[in-house]
Amino acid sequence: MFPCKDKNEIAEAASFAGQAGEESLKLAPEVSTGESAAKARPPSEAPLLEAKGIVKYFGAITALRDVNFRLYRGEVLGVVGDNGAGKSTLMKILSGLYAPSQGEIIFDGRPVQFASPKDARRIGIEMVYQDFALAGNLPIFENIYLGREPGRRIFGLNIVDLAKARSMAAEHLERLKIHVKSVEQPVEELSGGQRQAVAIARSTAFDARLVIMDEPTAALAVKEVGKVLDLIRGLKDHGVSVILISHRMDDIFYVCDRVMALYHGANFAEAPLSETNRNEVIGWIMGTRGHQSGLAHDRVHG
Amino acid sequence: MKRPELARYLERYGIIVVVLAMMLVLTILKPDVFLSVTNLTNIVKQNASAALLALGMFVVILTAGIDLSVGSVMALAMVSLAVANRSGYPWEIIVLIGPLVGIAAGLVNGIGLTWLRLPHPFIMTLGTLNIARGLTNLVSNGAPVSGLKPEVRYVGQKNYDLGIFAPPAGIPASFFLVAICAIALWFFLNRTSTGRHIYAIGGNPQAARVSGIDVDRVLILVYVICGFFAGLAGLLLAGRTDSGFPNAGIGAELDAIAAVIIGGASFFGGRGTVLGVLAGVLIIGLLRNGLNLLNVSVFWQQILIGVVIVLAVFIDVLRRRAAVRT
């Protein structure tokens with residue numbers, strides 16, 4: 001009952017703010033295709049990734065009703081939404097963990113279908129998890145190449161070239177400006193931020209073109225969040241596209257180019273970051289559109 | 001920098017110091033008996049099949065699993081090859097029967113665990129412990145089958161005198177078999193992708209899965225390796241005792257687990273070394289041998305082994321509490 005009531009209140013507050021005309025009320029951002037971002041770019045540029053009409057059922061439950069979006073090269077797209085809005089389901093579809101019930105994913109101009117995360121990785125889609133998904137007992141360099149160890153095949157066994165893996169890992173970390181004592185250090189000896197840095201290094205070790213990050217800062221100490229966000233900016237500078245799921249508006253507004261909101265398994269709103277603000281995005285998460293102030297969030301924190 | 005280096009060094013090789021210390025104490029207490037060639041040969045021979053069981057168990061424990069069936073599988077391998085021997089098959093086939101029985105049992109364990117989605121390997125292998133023991137009694141009619149061809153007995157019984165020992169003393173063939181197995185396993189675990197994946201699964205199965213590792217396939221392989229070693233242990237024990245007896249290896253799975261844990265492997269997976277496992281086997285073996293030489297009762301031996309297990313794990317807990325930042 002309460003969320004509903006809150007929503008009405010917020011909607012009223014929003015319309016009131018609009019009538020008062022203290023700030024010019026913006027148009028509701030486009031739903032469904034990301035045309036606003038397309039407008040900001042040369043029309044010739046094709047998106048790296050396009051999702052068309054993605055629907056996902058789990059038995060009788062509809063997790064995604066109709067999701068459409070585009071992602072451009074070197075773009076950081078923030079995805080927001082309340083718990084259960086379908087963010088994680090969408091990301092699991094993009095990373096090959098789930099197959100969509102309906103809809104199409106076009107990557108680099110070609111429709112793609114993934115049987116497993118391996119297929120997604122093969123074309124350069126990587127995932128970074130909130131809980132890092134690293135093996136704590138293994139050293140940093142082994143985590144970076146886990147599942148893709150350099151080496152040569154003999155009798156069906158891949159003999160790992162440890163020296164090569166070590167030097168490749170050290171070079172790669174250097175390139176990303178991640179500083180560790182030694183690539184031999186077991187991951188369990190690292191802090192949360194360092195672990196997430198290793199996870200990001202792993203995701204980009206093999207020509208990643210799109211890195212999907214599911215709440216990458218949620219498990220970090222406050223002072224370590226900045227480092228991880230700077231790493232995300234670094235990826236963008238290397239031409240890697242990033243989809244960032246986050247509840248933290250600070251994260252979204254620090255690194256993203258564009259933000260997209262899901263609500264009840266469908267597109268709700270989206271806008272380039274320069275054309276929106278925190279309160280509006282928070283409103284989207286709760287399912288309200290186009291208001292600028294007067295949110296509960298402000299009353300609590302402001 | 002200095003202290004963690006030292007800690008890592010101790011973690012890796014401290015266990016060897018323990019073995020050497022035990023040998024030193026036994027040498028001082030029983031100088032003319034302990035270091036005699038006969039006694040040392042005996043220690044190696046008596047512990048060779050236990051070492052193979054422990055090596056197999058180690059691979060399983062690395063994945064945070066357990067295989068309770070190894071003792072029964074070893075017995076099944078033993079009586080199967082003994083019965084085949086009695087039926088007059090050529091030795092080339094008989095020596096293969098042991099490892100093949102083990103591989104088959106490992107496949108059943110692995111497939112049961114992954115395809116049937118049983119909640120814990122304890123349950124699946126508790127089942128095969130009973131199944132294999134029952135089959136052992138069925139195959140042998142519950143009675144020992146003795147008298148094996150010399151070629152079948154070879155690895156379990158042969159001593160190489162190398163021209164320096166007075167026959168029948170010498171370095172046992174089983175010593176070389178265990179050494180070859182240990183080196184091969186070390187190489188597999190530390191130098192191949194699949195071996196590293198085994199460690200990764202023990203460390204964090206979810207991380208292994210999202211890294212594209214086929215965890216189920218690796219787990220099946222792990223139980224097959226464990227079964228293979230149990231079958232090979234059956235061949236050794238059959239050779240040494242010149243028979244297949246259906247009560248062989250009762251409780252041997254617990255000794256194997258004890259050796260792995262004393263050797264410093266973590267029961268929760270992802271940690272441990274082949275060298276440590278061999279040291280664990282030797283510590284149990286030397287303890288038994290030493291207490292026998294000192295005429296200490298078998299009952300005390302068991303109590304002491306229990307104490308050593310608890311101590312070894314406690315030291316491990318202390319070490320990890322000091323090392324791991326949380």
Side-chain angles (χ1 to χ4, degrees), chain A residues 92 95-97 116-122 126-139 141-163 165 181-182 184-192 194-195 198-199 202-203 205-206 212 214, chain B residues 1-5 7-9 11-12 61-64 184-218 221 225 264-273 316 319-326:
Chain A
K92 282 172 182 165
S95 65
L97 213 57
S116 75
K118 252 189 178 166
D119 293 350
R121 275 182 129 182
R122 206 166 288 139
E126 297 273 345
M127 185 104 187
V128 171
Y129 299 84
Q130 176 182 338
D131 57 359
F132 321 129
L134 299 169
N137 57 331
L138 296 185
F141 78 93
E142 285 201 295
N143 268 286
I144 289 178
Y145 295 107
L146 188 58
R148 296 181 287 197
E149 297 84 358
R152 57 208 165 89
R153 289 213 147 258
I154 295 173
F155 306 123
L157 282 173
N158 184 42
I159 313 294
V160 184
D161 187 339
L162 289 173
K181 256 193 263 171
S182 152
E184 295 276 359
Q185 231 183 334
V187 163
E188 66 199 352
E189 290 179 7
L190 303 178
S191 70
Q194 288 175 309
R195 287 185 206 197
V198 171
R202 180 177 67 180
S203 74
F206 289 87
I212 300 169
D214 191 354
Chain B
M1 280 306 270
K2 260 272 154 63
R3 288 194 64 176
E5 288 287 307
R8 213 161 281 176
Y9 204 75
E11 178 185 333
R12 221 165 264 180
I61 286 180
L62 268 182
T63 65
L185 187 65
W186 177 87
F187 186 83
F188 171 70
L189 287 175
N190 292 290
R191 289 291 178 270
T192 72
S193 287
T194 313
R196 301 316 293 162
H197 296 172
I198 290 171
Y199 275 90
I201 290 171
N204 183 350
Q206 190 55 27
R209 209 163 277 129
V210 301
S211 299
I213 294 168
D214 188 340
V215 173
D216 283 357
R217 223 197 71 201
V218 175
L221 177 68
I225 291 171
S266 165
F267 199 63
F268 303 105
R271 245 169 275 268
T273 61
D316 191 52
R319 185 178 56 72
R320 278 176 66 187
R321 205 181 289 159
V324 177
R325 182 151 51 147
T326 45

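Every chain is numbered from 1, with letters handed out A, B, ... down the list of sequences.
Neither the backbone nor the side chain of A/Arg148 comes within less than 4.5 Å of any heavy atom in chain B. Within the 4.5 angstrom heavy-atom criterion, atoms from both the backbone and the side chain of A/Leu146 approach chain B. Within the 4.5 angstrom heavy-atom criterion, only side-chain atoms of A/Tyr129, from C-beta onward, approach chain B.
Atom CG of A/Leu134 and atom CD of B/Gln206 lie 12.0 Å apart (nearest 0.5 Å). Taking NZ of A/Lys118 as the start and CG of B/Asp214 as the end, the distance is 7.0 Å to the nearest 0.5 Å.
Considering all non-hydrogen atoms of both residues, A/Ala133 and B/Val210 come closest at CB-CG2, 3.8 Å. The shortest non-hydrogen separation linking A/Ala135 to B/Ala207 is N-CB, 3.9 Å. The two residues B/Gly203 and A/Asn137 come nearest to each other via the heavy atoms CA-OD1, 3.2 Å.
The number of heavy atoms from other shown groups lying within 6.0 Å of CZ (A/Phe206) is above 12.
With sequence neighbours left out, the side chain to side chain contact (heavy atoms under 4.5 Å, CB included) criterion links A/Ser95 to A/Leu97, A/Met127, A/Ile212.
Looking at A/Arg121, its side chain does come within 3.5 Å of a backbone N or O of B/Ser211 through a donor-acceptor pair.
When each of A/Gly151, A/Gly147, A/Ala199 is scored by its heavy-atom pairs under 4.5 Å with chain B, the top score falls to A/Gly147.
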Using residues 153-160 of chain A as the side-chain source, report each donor-acceptor pair under 3.5 Å to any protein atom, sequence neighbours left out, with the distance given to one decimal.
from     : atom 1 : to       : atom 2 : distance (Å)
A/Arg153 : NH1    : A/Gly156 : O      : 2.7
A/Asn158 : OD1    : A/Arg152 : N      : 3.4
A/Asn158 : ND2    : A/Glu149 : O      : 3.2
A/Asn158 : ND2    : B/Ser193 : OG     : 2.6

